[in-house]
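Let me begin by presenting the structure, written as structure tokens, before commenting on it.
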Amino acid sequence: MATLPVFNKRILDRSAVLVVCAFAALFLAQCSGGGGSAIFVIEPLPYSQDALAPTISADTMGFHYDKHYAGYVEKANALTKGMRFDGKTAEAVIAKTAGEASKAAVFNNAAQAWNHAFFFKCLKPDGGGAPEGLLAEMIDATFGSFVEFKALFTTAAKDQFGSGWVWLVLDEGKLAVVTSANADTPLAHGLIPLFTVDVWEHAYYLDYQNRRVDFVQSVLDNLANWDFVAAQLEKAQPPKA
Ligand SMILES: [Fe+2]
């Protein structure tokens with residue numbers, strides 16, 4: 001059998017290594033969804049962690065944002081590594097995994113990442129009070145008054161069994177108060193989220209223990225960012241002819 005000269009064999013060895021490396025890089029790119037970047041990011045808080053006290057203490061915000069929210073984002077990225085989604089957005093992951101028993105872990109972490117990012121934007125220091133403009137008109141027309149809306153919202157929070165979320169949503173153009181259990185999200189049900197309060201115990205137990213209604217009432221009275229809610233409503237309106 002003819003043997004290759006030593007220098008040619010070294011060249012072949014190097015070529016083989018390069019080919020293997022190229023395939024490895026391609027494989028890793030495929031595994032990361034083609035673009036190499038993570039789908040989920042930890043969105044920065046639009047205020048400092050102690051800015052919502054005393055309604056939400058810095059301790060609660062620290063655990064909620066740094067541990068719970070960051071944990072959902074990290075796990076959602078780990079679980080979606082190698083999966084392909086149109087647009088590579090959190091919304092696309094939620095849409096593709098909703099109702100799929102085999103994808104429950106992906107859905108739960110993706111939805112929790114999205115729900116938390118949305119929830120934190122629904123709050124602001126010195127918020128609360130009553131909304132104005134179209135949002136106020138629609139609340140009055142739908143629920144009778146803002147006071148009646150708040151009563152309905154806090155009752156829904158009280159009645160949500162176990163962990164979950166309370167939402168103000170648009171359902172086919174009409175306002176509605178709905179709850180979702182655990183990680184579930186209105187996005188998975190064709191509803192447009194406008195406002196939410198997290199009623200998992202980690203959201204309030206350090207500050208309120210079992211007094212969930214007091215927590216929700218205080219959020220509505222002191223932290224609700226109605227400007228953000230009005231902006232969501234505006235975005236959801238059909239374009240004017
Ligand atoms: Fe939470």
Side-chain angles (χ1 to χ4, degrees), residues 38-80 90-91 93-94 97-98 104-125 127-128 153-169 177-189 191 193-225 228-229 232:
I39 296 175
F40 298 87
V41 295
I42 299 173
E43 295 191 26
L45 278 179
Y47 37 76
S48 63
Q49 291 192 355
D50 62 358
L52 305 184
T55 295
I56 299 176
S57 69
D59 261 1
T60 293
M61 277 306 297
F63 280 108
H64 207 171
Y65 183 81
D66 294 331
K67 305 296 182 189
H68 293 279
Y69 172 48
Y72 293 128
V73 169
E74 188 181 341
K75 204 158 183 189
N77 278 327
L79 289 169
T80 51
E91 290 83 355
V93 175
I94 289 167
T97 57
V106 179
F107 174 82
N108 287 338
N109 285 281
Q112 282 294 77
W114 192 94
N115 288 348
H116 279 85
F118 189 82
F119 169 55
F120 293 136
K121 285 183 281 200
C122 286
L123 311 177
K124 70 173 185 179
F153 196 90
T154 50
T155 299
K158 175 171 67 71
D159 292 344
Q160 169 58 36
F161 184 78
S163 299
W165 300 81
V166 189
W167 305 85
L168 175 66
V169 299
V177 170
V178 299
T179 57
S180 63
N182 301 315
D184 205 1
T185 178
L187 286 182
H189 302 279
L191 305 173
L194 300 177
F195 175 75
T196 192
V197 177
D198 185 345
V199 294
W200 284 58
E201 285 188 346
H202 66 228
Y204 62 88
Y205 215 82
L206 285 179
D207 301 327
Y208 297 83
Q209 292 76 54
N210 64 333
R211 292 176 289 112
R212 177 190 284 181
V213 168
D214 290 353
F215 162 64
V216 174
Q217 187 72 55
S218 190
V219 168
L220 288 169
D221 289 343
N222 303 298
L223 301 180
N225 185 348
F228 173 78
V229 181
Q232 306 316 300

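For the single chain, residues carry numbers from 1 onward in sequence order. Remember, it's 1-based here, ligands and their atoms both numbered in the order they're listed.
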task = Return the orientation label for the H64 and F120 ring planes: parallel under 30°, perpendicular over 60°, tilted otherwise.
result = perpendicular
request  = For the residue pair Y72 and W200, categorise the inter-ring angle as parallel (less than 30°), tilted (30 to 60°) or perpendicular (more than 60°).
outcome  = perpendicular
key: Heavy-atom donor-acceptor pair, T185 side chain to A188 backbone, under 3.5 Å   = no
message = Rounded at 0.5 Å granularity, tell me how far CG in N222 sits from CD in Q217.
response = 9.5 Å
Atom of H116 nearest the Fe ion (ligand 1) (restricted to N/O/S, atom name only) = NE2
request  = Mind reading off the angle at the Fe ion (ligand 1) between the OD2 atom of D198 and the NE2 atom of H64, rounded to 10°?
outcome  = 90°
inquiry  = Is H202 close enough to the Fe ion (ligand 1) that one of its N, O or S atoms comes in under 2.8 Å?
reply    = yes
